[in-house]
Structures are given as structure tokens and as C-alpha cells.
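Below you'll find the structure, written out as C-alpha cells, and then a few comments.
Residue numbers start from 1 in every chain, and the chains themselves are labelled A, B, ... in the order their sequence lines are given, proteins ahead of strands. Computed from a predicted structure; not experimentally measured.
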Amino acid sequence: MGVISNGTTLLDAGALDAGIATGEMTLITSTTLSSAAANITFNSGISSTYNTYVFKFMDIHPATDDSKLLVNFRDGSTAYDATKTTNFFRAQHRENGTNGNIAYRTDDDLAQSTGAQPLTMDIGNANDESANGSLILYNPSNTTFVKHFAAESNCVYSGDYSMNAYIGGYINVTAAIDGVQFTMEGGTNIDAGTIKMYGIK
Amino acid sequence: MGLISNGTTIFDAGAMSVGGSMVFIKKLTASGSGTLTFVDGASSVVLDDTYKEYLFTFNNIHTSATANFSFNGSDDDSSHSYDVVKTTTVFTAGHKEDGSASYLDYDTGQDEAQATDFQNLSYGIKTGNDESLSGYMHLFNPSSTVFVKHFIARTQYTDGDYSQNGHIAGYFNTTADITAIQFKMSSGNIDAGDICLYGIA
């Protein structure tokens with residue numbers, strides 16, 4: 001059934017007419033863990049439908065203290081091991097007022113590596129500790145250019161620090177990226193959390 | 001009554017199920033305002049578990065006196081005192097119009113360590129007619145009663161002849177839900193500008 005008002009089709013065939021403003025950031029899928037898991041993986045829904053994809057990670061709580069949230073990308077095979085070159089810097093401040101500074105982190109960047117990229121500093125696993133942030137992946141279906149991404153996060157570091165991390169880089173392949181996987185450092189579990197994937201036209 | 005088109009529910013129970021995921025909630029426009037405050041349940045403001053992420057946008061915030069633009073939260077549903085304990089980080093990139101100075105500095109004078117003070121989102125905005133601040137702030141899962149509440153903000157503002165780009169992040173160190181957010185200048189009023197609140201579905 002469609003709806004036509006004053007000669008204008010408002011909706012038909014299960015969708016609003018393209019001429020109706022709805023906002024251009026669309027939730028594609030959301031995963032909230034009901035129990036600890038080794039990963040949260042998005043292996044469908046990433047295509048040329050959207051130029052930009054945004055992943056929001058909320059209240060990521062690690063099973064193991066001092067664990068970073070990581071991301072990796074799939075470029076046509078079944079493995080999440082696309083080659084990347086990245087940068088990583090962070091600001092930190094401890095709850096006791098010490099150690100306020102900003103620094104580039106050579107331990108957390110990658111140079112033509114297939115390993116997973118940290119998106120946070122070490123997250124504590126006390127009951128109220130977690131990490132939040134977002135990852136933007138640009139034009140993953142393009143087969144001409146490398147694929148850029150940028151992320152920012154804030155977490156409670158295990159030593160009672162506020163840690164604000166900024167990550168940028170590119171997946172150095174011209175193959176399309178068709179999957180994104182989030183894991184914890186050292187292969188430990190994500191104890192709890194939500195990750196949502198949005199498309200932006 | 002709901003409406004189903006071609007098997008897809010378009011709207012039901014008072015809500016649309018198609019369209020964008022960034023939902024406009026409230027716009028507050030300053031006019032010599034001492035504070036601009038978003039209180040859940042008041043004046044059509046939603047700041048509860050309806051959304052896991054909220055976005056505030058700052059548009060041309062103009063001050064009546066040279067001052068810092070700042071914010072705080074309230075976890076007190078009855079009196080709405082704005083004094084939540086927080087630990088934060090602040091760093092700023094700056095560049096002078098004549099090209100004579102540029103920097104990227106961590107701001108030890110602007111961060112907070114378990115303090116109830118308002119958190120600065122700028123370090124000085126001048127009162128020149130064409131000077132202002134714009135930017136945004138993400139607030140994650142303010143209604144959680146398990147985790148601390150993270151926020152990440154970025155501001156761009158004029159400070160005399162400097163272009164200043166501020167990065168502010170941290171957490172309200174409480175497991176009580178945050179039900180209100182207040183913005184103000186460190187002295188004087190918010191002379192003009194607006195702040196919009198969005199929910200990210």
C-alpha cells in the first residue's frame with residue numbers, strides 16, 4: 001500500500017519516497033552482547049550503498065583487565081587481516097591529578113601490518129569501567145583507492161586514568177572491504193558492550 | 001494505528017521505523033543567557049535511556065565577556081545541582097593569524113581530576129563581533145547505572161587572533177544516571193548562539 005497526498009507519493013513499496021527528508025545517517029545493524037564473546041563482527045551490509053560507514057562502540061567492558069579494543073578489516077577472503085598503516089596518539093590524565101599529557105604512541109600504530117589496530121588504550125575491567133567511541137570507515141567498496149579510517153575513543157584506563165585516543169590510517173588495498181571485526185587485545189573476550197553500524201549517504 | 005507498506009512497517013506506536021538515525025531533540029538559543037540547560041523531561045528534552053548516545057552541537061557561541069565556555073552534568077533528579085565528579089583531558093592546537101605562532105599543547109590548567117567544577121570547552125573566547133565558538137560533544141549512555149559516563153568534545157574558536165582547536169574528553173565518575181547538562185560561560189553571559197541536542201538511535 002502506498003500513501004499519496006495532494007498528488008505526491010509519500011511512501012510506497014515499503015520505503016519513503018526519496019524526496020522526503022529523513023536524515024542521511026541510517027542505522028544498519030546493532031549488536032549488544034548478552035554474554036562475553038571473542039569478537040563482534042560485521043560481515044554483511046558493507047557495500048557501495050553508502051560512501052561512509054560509522055561504527056559506534058558503547059560501554060565496551062573487557063573480560064581481562066588492561067585490554068585494548070581492536071579492529072581489523074576483511075578484503076575479500078575470510079580472514080580479517082587487511083594490510084594497514086596507521087597513527088595513534090592519546091591524551092591522558094589520572095584521577096589523582098597527575099600525568100596530564102599528550103603523546104604519540106609508537107606501540108599502538110601499524111606500518112604495513114595485517115595485525116589488528118587498537119582503538120583504545122588499556123581498558124580497566126572494574127564494574128564501572130568501559131570504553132566509548134566511534135570509527136569512521138570511508139568508501140569501503142571503492143576499488144581504486146586505499147581505504148581511509150579515523151577513530152576516537154575515551155576509556156577508563158585500569159590505573160584510574162581518563163584516556164582519550166585518536167587513531168587514523170588507511171587499509172592499503174584497492175580491493176573492497178566487506179567486513180569489520182572488533183576484538184580485545186590478546187584474544188581475550190569482550191565481556192559486555194554494544195557496537196552499532198550506520199551508513200551515511 | 002500502524003502503517004505497513006509492502007510488508008515493511010513504516011510507522012507504529014507513535015514512532016517512525018524508517019528514516020534517519022540522528023534524531024533532533026531540542027534547540028536552545030542564547031540571548032544574554034546565564035546558562036543553557038537541558039533537563040530530561042522538561043521542555044520536550046529527552047536525556048534518558050531512549051538513546052545510548054547523545055550529541056550536542058554548538059553553533060556560534062558568542063560571549064559577553066572574555067571567558068571560557070564550559071559544561072557540567074547533574075545526577076541529582078530533585079535539585080539538579082551541576083557538580084558531578086569528573087576526570088578529563090584537554091589538548092589544543094592553535095595558530096596565530098599572522099603565522100608567528102603555532103602549537104599543540106596538553107592543557108594542564110584546563111583538565112579536571114575528580115573535580116566537581118564545570119569543565120571548560122574552550123580557553124578564552126573574546127568578545128569581538130565576529131568571534132565565536134562552534135563544535136560538538138558526544139555523551140555516551142548517560143542513563144547507565146553500571147558504568148561511568150564518557151564524553152568526547154571538539155571545539156573550534158577564535159581567541160583574539162588565534163584559531164584554536166580544542167579536544168576535550170573524560171568521564172563523569174559516577175554510576176548514577178546523568179539527567180541534565182548545563183552550559184555557561186566562566187564569567188558573563190552566553191550573549192548569542194545556539195546549542196542543539198540530538199539522540200543517536
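Ring geometry, A/Y166 versus B/H167: the interplanar angle exceeds 60°, so the pair is classed perpendicular (tilted spans 30 to 60°).
Looking at A/S153, only its backbone comes within 4.5 Å of chain B, counting heavy atoms on both sides. For chain B, the nearby parts of A/D59 are the backbone and the side chain; heavy atoms of each come within less than 4.5 Å. Neither the backbone nor the side chain of B/D107 comes within less than 4.5 Å of any heavy atom in chain A. Of the atoms belonging to A/N132, heavy atoms from both backbone and side chain fall under 4.5 Å from chain B. Only the backbone of A/Y161 comes within contact range of chain B, judged by heavy atoms closer than 4.5 Å. Residue A/R90 does not touch chain B at all, counting heavy-atom pairs closer than 4.5 Å.
Atom OG1 of residue B/T145 and atom CG of residue A/D128 lie 11.5 Å apart, to the nearest 0.5 angstrom. Atoms CD1 and CE, on A/I200 and B/M22 in that order, are 9.0 Å from each other to the nearest 0.5 Å. Taken from CZ in B/F140 to OG1 in A/T194, the straight-line distance is 12.0 Å, to the nearest 0.5 Å. The CD1 atom of A/I102 sits 4.5 Å away from atom CG of B/L104, with the distance rounded to the nearest 0.5 Å. Atom CG in A/N99 sits 11.0 Å away from atom CG in B/D111 (nearest 0.5 Å). Note that SG of A/C155 is 7.0 Å distant from NE2 of B/H150, once rounded to the nearest 0.5 Å.
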Please lay out, stage by stage, how B/K52 and A/K56 fare under the test side chain to side chain contact (heavy atoms under 4.5 Å, CB included). CA-CA 10 Å; B/K52 280 202 163 188; A/K56 302 273 190 181; over 6 Å; no

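The shortest distance between side-chain heavy atoms of B/H138 and A/E152 falls below 4.5 Å.
The two residues B/T87 and A/H93 come nearest to each other via the heavy atoms CG2-O, 3.6 Å. Between A/A91 and B/Y106, the shortest heavy-atom contact is CB-CE1, 4.0 Å. Shortest non-hydrogen contact noted between A/S162 and B/T89 is O-CG2, 3.5 Å. Closest of all the heavy-atom pairs between B/A201 and A/Y198 is O-OH, 2.6 Å.
For A/N127, the CG atom is loosely surrounded, since the number of other residues' heavy atoms within 6.0 Å does not exceed 12. For B/Y123, the OH atom is loosely surrounded, since the number of other residues' heavy atoms within 6.0 Å does not exceed 12. For A/F145, the CZ atom sits in a loose shell: 12 or fewer heavy atoms of surrounding residues, nucleotides or ligands are nearer than 6.0 Å.
Note: B/V146 leads B/T108, B/V146, B/V23 in heavy-atom pairs under 4.5 Å with chain A. Across A/E95, A/M58, A/Q92, A/H61, the residue that shares the most heavy-atom pairs under 4.5 angstrom with chain B is A/E95. Interface remark: of the candidates A/A103, A/G97, A/G133, A/G133 forms the most heavy-atom pairs closer than 4.5 Å to chain B.
Under 3.5 Å, the side chains of A/E129 and B/Y171 contain no donor-acceptor pair of N or O atoms.
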